[in-house]
Amino acid sequence: MRIESLALAGLLFAAATPALAADYVSQPGSTLVFATKYQGETFAGSFPGFTARLSFDPAQLAASKLDVLIPLAGANSKNAERDDTLKGADFFNIAKFPQARFTATKFRSLGGNNYAADGSLSLRGATKPVTLTFTWTAGAKPVLTGKATVKRLDFNVGGGDWADTSIIPNEVAVSTKVTFAAAK
């Protein structure tokens, strides 16, 4: 067999083998924030301690996936009474459901550096579809800056008297800024 034939066979094999997305892990300093209103007054909180694993390559979206683990006990809205209520049985019920999880395996390009990750959120024993739209800033430590809307009542967050959407809206805005490093 000639060298040209071997080279051609190697190129054909490489072209037929799907490229794998790069693997990343979230770094300290990344943020996951929620915002909503209580009786018309806006408040925000965060989930420190969340972790994210991402396989992503803008040229290979079909191979991309995201897995985010969110420890709910760390919910912090800078108001101790509200935080205790959030952790209680009417909201996150951390005694029974200590963490939430967002996973996505379907990614779409929205043009430029903008993408959507169609996934599912598991919270309080319910799993529902949620889409995270995000901007990807490539580099040695790439950054994902994203947002999503979560309908809290779909997950029974804020049950009983708290289910009244005139007190707390059903839609909760979630935003994140995650700095990644290559997984080892």
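- Contact of the Val150 side chain with the Leu121 side chain is registered, since non-hydrogen atoms from C-beta on lie closer than 4.5 Å.
- A donor-acceptor pair under 3.5 Å is formed between the side chain of Ser30 and the backbone N or O of Thr179.
- With sequence neighbours excluded, the residues that form a ring-ring contact (aromatic ring centres under 6.0 Å, His included) with Phe56 are Phe107, Tyr115, Phe134, Trp136.
- Distance CZ/Phe102 to CG/Leu32: 11.0 Å, rounded to 0.5 Å.
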Starting from the C-alpha separation in whole Å, work towards a yes-or-no answer on side chain to side chain contact (heavy atoms under 4.5 Å, CB included) for Thr85 and Asp83.
-> CA-CA 5 Å; Thr85 301; Asp83 293 346; over 6 Å; no

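- For the pair Pro142 and Thr137, the minimum side-chain heavy-atom distance is 4.5 Å or more.
- Judged purely by atom type and a 3.5 angstrom limit, Asn76 has no side-chain atom pairing as donor or acceptor with the backbone of Ser46.
- Counting only N and O atoms by type, the side chains of Arg101 and Ser122 include no donor and acceptor under 3.5 Å apart.
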Before giving the answer on side chain to side chain contact (heavy atoms under 4.5 Å, CB included), spell out for Val143 and Phe180 the whole-Å C-alpha distance, their side-chain angles and the decisive distance to 0.1 Å.
-> CA-CA 6 Å; Val143 177; Phe180 287 100; over 6 Å; no

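- Separation of atoms OG (Ser26) and CG (Asp67) is listed at 10.5 Å; rounding is to 0.5 Å.
- In this structure, CG in Leu69 is found 5.0 Å from CD in Gln99, a value given to the nearest 0.5 Å.
- A donor-acceptor pair is defined here as one N or O able to donate and one able to accept, closer than 3.5 Å; such a pair exists between the side chain of Thr176 and the backbone of Thr31.
- Inter-residue side-chain proximity for Arg108 and Leu61 is flagged as unmet; no heavy-atom pair is nearer than 4.5 Å.
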For Leu132 and Leu66, what are the C-alpha separation, side-chain angles and deciding distance, and is it a side chain to side chain contact (heavy atoms under 4.5 Å, CB included)?
-> CA-CA 10 Å; Leu132 172 71; Leu66 176 61; 3.9 Å; yes

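- Other residues, nucleotides and ligands contribute over 12 non-hydrogen atoms within 6.0 Å of the NZ atom of Lys87.
- The NZ atom of Lys65 sits 9.5 Å away from atom OG1 of Thr105, with the distance rounded to the nearest 0.5 Å.
- Cation-pi geometry between Arg82 and Phe43 is met: the NZ or CZ atom falls under 6.0 Å from the ring centre, inside 45° of the normal.
- To the nearest 0.5 Å, the span separating CG on Leu86 from CG on Leu72 amounts to 10.0 Å.
- Panel note: side chain Arg124, backbone Phe91; a donor-acceptor pair is recorded below 3.5 Å.
- Contact detail for Pro48 and Gly74: the closest heavy-atom pair is CD-O, 3.3 Å.
- Cluster annotation: Phe155 and Tyr38 are assigned to the same hydrophobic cluster (Ile/Leu/Val/Met/Phe/Trp/Tyr, side-chain heavy-atom contacts under 4.5 Å, transitive).
- Under the 3.5 Å distance criterion, with hydrogens and angles disregarded, a donor-acceptor pair is assigned to the side chains of Thr131 and Asp118.
- Between Val178 and Val68, the closest side-chain pair of non-hydrogen atoms is not below 4.5 Å.
- Within the 3.5 Å criterion, the main-chain N or O of Leu123 finds no donor-acceptor partner in the side chain of Thr127.
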Can you give me every donor-acceptor pair (side chain of residues 161-172, partner residue at least two apart or in another chain, under 3.5 Å) with its distance?
from, atom 1, to, atom 2, distance (Å)
Asp164, OD1, Ser166, N, 2.8
Asp164, OD1, Ser166, OG, 2.7
Asp164, OD2, Ser166, OG, 3.2
Asn170, OD1, Arg152, N, 3.4
Asn170, OD1, Leu153, N, 2.9

Yes or no on side chain to side chain contact (heavy atoms under 4.5 Å, CB included) for Thr51 and Arg53, after CA distance, side-chain angles and deciding distance?
-> CA-CA 7 Å; Thr51 58; Arg53 295 191 64 81; over 6 Å; no

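- A donor and an acceptor atom, one from each side chain of Thr135 and Asn113, are nowhere located under 3.5 Å apart.
- Taken to the nearest 0.5 Å, the OH atom of Tyr24 stands 9.5 Å off from the OG atom of Ser55.
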